[in-house]
**Q** 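Please find one structure pasted underneath; my questions will follow.
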Amino acid sequence: MTHLTMTPFMGRTIPAGHLDRLGLATAPAPVPAVDKWVVLKSLTTARRAFGLSDRTLTVLSALLSFLPVRELADGAPLIVFPSNRTLANRAHGMAESTLRRHLAALVEAGMILRHDSPNGKRYARRGRDGAAALAFGFDLRPLLVRAEEIFDAAEAARLEAEHCRLLREEIVLQLRDIQQLMTLLPDTQDHLAPRLAELRSHLRRRMDRSRLEDLQRATADLLTQITLLATPAPTTISGGNDNQNERHIQDSNHTLIESKTGMKNAGTIMGHGPRAPIGLPVVLKACPEIQTYYPEPIRHWEDLEATMDKMRPMLGITLDSWHEAKTTMGPQEAATALAGIVQKGAAISNPGGYLRALSTRTKAGTFTPGPMIMALLSAQDAARQSLPS
């Protein structure tokens, strides 16, 4: 008699997928043999991928201990048949009700198969040579059949854990930098300290990769804001010699003041001194990149604002951040600032955090888009002067 039972003993229901899992009893093994403890160690690493708990793996370890050989080998007898009492004792005195629940979890996960005897007991029928001819109990062969799958899952889990470790390390370093930079900004403590405390509280929790990536982006945004706040606003224009700078400032001032398209709330040339409106032609000259995103020529401030509304999601800037910028700076100055961010391109790795920092500086009275536009114009002049004549 060699028939292996396909259904559980009377009184036990057939779980979903039962017949599919029975195929593991006869499926070809990808490897001829594997160390049972190596499989258990890999399965422990990859336990979340298979929906297994530490306690369930404790029961599996106890089951493996009843197999007299170290290897799970194809063709070898791989059915163990301890009683619940004996198995519970080897599982560190686990209650039998708990034991049955974890055995069911192993069967459900397809890590073991149950072969019940006619009377529901576990035992082996021996042949004339004393060897077990037929056994009723728990079949460990699925571990051999799924060995490569388990090893692959363990490697993926190790890579995931390493990525999460690096993310946590980066977050810790960013939080440290934020804390240190805040000492340079005593006036912002009331505003920034609660945000920093909230980010730190998240880090104390167990988080998966997705939540860690979200936290890393949040800490990067805050670090960008604080870095910009801690960086003095430029008050001079770089590039060329002093005479060239002075002449460029005078010419630009004349152009900006005389531009008929300048608006009252468009901003200022510099962050200090007399306020002069920024003309739309000057913004377009300093930020030619934005014209490539608008199908028609930008002739009015409304055109520029509409273009920036469309570009905002492309840059990863949230609607809340954009509304805050327009409320804080005014629609035209916000559009001008975003046009400058677009023109700077790859020099700004986090446009959303950069714009939020500019909004904060605007509230503090330390930012207007004028210096940004003038710096872009100066960079264009310096680039032209560097070209061979």
Side-chain angles (χ1 to χ4, degrees), residues 41-58 150 152-232 312-325 327-328 338 341 344 346-364 366-367:
K41 181 178 179 181
S42 296
L43 189 57
T44 301
T45 302
R47 63 188 179 277
R48 291 188 177 88
F50 297 99
L52 300 173
S53 68
D54 292 342
R55 294 273 282 169
T56 302
L57 291 175
T58 298
I150 293 170
D152 290 343
E155 180 61 22
R158 281 189 286 269
L159 292 175
E160 183 79 359
E162 176 64 12
H163 185 77
C164 290
R165 186 189 67 79
L166 293 175
L167 277 173
R168 292 182 72 90
E169 183 179 274
E170 184 175 3
I171 292 168
V172 169
L173 293 175
Q174 289 174 337
L175 290 174
R176 186 183 69 187
D177 288 343
I178 291 169
Q179 178 67 49
Q180 294 298 325
L181 287 172
M182 281 177 58
T183 62
L184 303 176
L185 304 166
D187 294 339
T188 64
Q189 290 286 338
D190 292 342
H191 171 64
L192 297 176
R195 179 85 185 280
L196 177 61
E198 180 186 3
L199 293 175
R200 280 180 168 163
S201 69
H202 288 303
L203 193 59
R204 290 194 290 268
R205 303 169 188 166
R206 181 184 294 276
M207 293 185 290
D208 59 19
R209 176 174 179 167
S210 177
R211 294 181 64 189
L212 281 170
E213 288 174 343
D214 289 342
L215 182 60
Q216 190 275 330
R217 283 190 290 267
T219 55
D221 283 352
L222 184 57
L223 180 59
T224 299
Q225 294 180 51
I226 292 179
T227 302
L228 287 171
L229 288 171
T231 303
R312 183 268 308 168
M314 302 180 197
L315 299 170
I317 296 172
T318 64
L319 189 58
D320 288 344
S321 297
W322 183 226
H323 283 165
E324 181 185 6
T327 301
T328 304
L338 188 52
I341 291 173
K344 287 175 178 289
I348 298 177
S349 61
N350 188 343
Y354 195 95
L355 184 64
R356 285 192 292 275
L358 295 184
S359 297
T360 303
R361 289 179 60 176
T362 300
K363 292 177 184 177
T366 60
F367 172 78

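Since this is a predicted model, take the numbers as computed values, not measurements. Heads up: numbering here begins at 1 and tracks the sequence.
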**Q** Hey, what do you get for CD1 (I178) to CG (L199), rounding to the nearest 0.5 Å?
**A**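 The CD1 atom of I178 sits 6.5 Å away from the CG atom of L199.
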**Q** Quick one: which residue pairs count as a salt bridge (Lys or Arg N to Asp or Glu O under 4.0 Å) with a foot in residues 347-356, not counting sequence neighbours?
**A**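 Qualifying pairs, neighbours excluded: D221-R356.
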**Q** Residues two or more places apart in sequence or in another chain: which of them pass salt bridge (Lys or Arg N to Asp or Glu O under 4.0 Å) with D208?
**A**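 Partners of D208 under the salt bridge (Lys or Arg N to Asp or Glu O under 4.0 Å) test: none.
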**Q** For T56, give me all partners under side chain to side chain contact (heavy atoms under 4.5 Å, CB included), at least two apart in sequence or on another chain.
**A**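 T56: side chain to side chain contact (heavy atoms under 4.5 Å, CB included) contacts with L52, S53, H102, A105, L106.
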**Q** Are the side chain of R47 and the backbone N or O of L57 linked by a donor-acceptor pair below 3.5 Å?
**A**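 Not confirmed, R47 side chain does not pair with L57 backbone.
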**Q** Applying side chain to side chain contact (heavy atoms under 4.5 Å, CB included), can you list everything that pairs with L319, at least two apart in sequence or on another chain?
**A**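 L319: side chain to side chain contact (heavy atoms under 4.5 Å, CB included) contacts with R312, H323.
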**Q** Sequence neighbours left out, what passes side chain to side chain contact (heavy atoms under 4.5 Å, CB included) with A154? Give chain and number order.
**A**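 Result, side chain to side chain contact (heavy atoms under 4.5 Å, CB included) vs A154: S42, T45, A46, R158.
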**Q** Listed by chain and number, what are the salt bridge (Lys or Arg N to Asp or Glu O under 4.0 Å) partners of D214, not counting sequence neighbours?
**A**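 Here the qualifying residues are R217.
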**Q** Who are the side chain to side chain donor-acceptor pair (under 3.5 Å) partners of Q180, not counting sequence neighbours?
**A**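 Residues passing side chain to side chain donor-acceptor pair (under 3.5 Å) with Q180: none at all.
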**Q** Measure from the side-chain N and O atoms of T219 to the backbone N and O of Q216, and report whether any donor-acceptor pair falls under 3.5 Å.
**A**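 Flag set: sc T219 to bb Q216 pair under 3.5 Å.
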**Q** According to salt bridge (Lys or Arg N to Asp or Glu O under 4.0 Å), who are the partners of R48, at least two apart in sequence or on a separate chain?
**A**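 Listed in chain order: nothing, the list is empty.
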**Q** How long is the gap from CG on L223 to CG on L181, to the nearest 0.5 Å?
**A**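 Answer rounded to 0.5 Å: 6.5 Å.
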**Q** Considering only residues two or more places apart or on different chains, which pairs with a residue in residues 169-178 satisfy salt bridge (Lys or Arg N to Asp or Glu O under 4.0 Å)?
**A**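 For residues 169-178, and leaving out neighbouring residues, the salt bridge (Lys or Arg N to Asp or Glu O under 4.0 Å) pairs sorted by first residue read R165-E169.
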**Q** Can you run down the salt bridge (Lys or Arg N to Asp or Glu O under 4.0 Å) pairs that involve residues 196-207, sequence neighbours left out, and say none if there aren't any?
**A**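 Non-adjacent pairs meeting salt bridge (Lys or Arg N to Asp or Glu O under 4.0 Å): zero.
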**Q** Step by step, work out the side chain to side chain contact (heavy atoms under 4.5 Å, CB included) result for E213 and M207.
**A** CA-CA 10 Å; E213 288 174 343; M207 293 185 290; over 6 Å; no
**Q** As an exercise, state the distance from CG of L159 to SG of C164, rounded to the nearest 0.5 Å.
**A**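 Nearest 0.5 Å value for the CG-SG distance: 11.0 Å.
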**Q** How close do I171 and L212 get, counting heavy atoms only, and between which atoms?
**A**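 Of all heavy-atom pairs spanning I171 and L212, the closest is CD1-O, 3.6 Å.
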**Q** Atom CG of L215 and atom NE2 of H202: how far apart are they, to the nearest 0.5 Å?
**A**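 If we round to the nearest 0.5 Å, L215:CG and H202:NE2 are 7.0 Å apart.
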**Q** Looking only at heavy atoms, which two atoms of L355 and W322 are closest? And how far apart?
**A**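 Scanning both residues, the minimum pair turns out to be CD2-CE3, 3.9 Å.
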**Q** Could you grab the distance from atom CG of L358 to atom CZ of F367, nearest 0.5 Å is fine?
**A**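 Here the interatomic distance stands at 4.5 Å.
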**Q** Who are the salt bridge (Lys or Arg N to Asp or Glu O under 4.0 Å) partners of K363, not counting sequence neighbours?
**A**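 Applying salt bridge (Lys or Arg N to Asp or Glu O under 4.0 Å) to K363 gives E324.
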**Q** Taking side chain to side chain donor-acceptor pair (under 3.5 Å) as the definition, give me every residue that meets it alongside T318, ordered by chain and number, with sequence neighbours left out.
**A**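 Only S321 meet the side chain to side chain donor-acceptor pair (under 3.5 Å) criterion with T318.
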**Q** To the nearest 0.5 angstrom, please state how far the OH atom of Y354 sits from the CD1 atom of I341.
**A**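 Between atom OH of Y354 and atom CD1 of I341 there are 6.5 Å.
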**Q** Can you see which heavy atom on T224 is nearest to which on A357, and at what distance?
**A**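 Closest heavy-atom pair between T224 and A357: O-CB, 4.3 Å.
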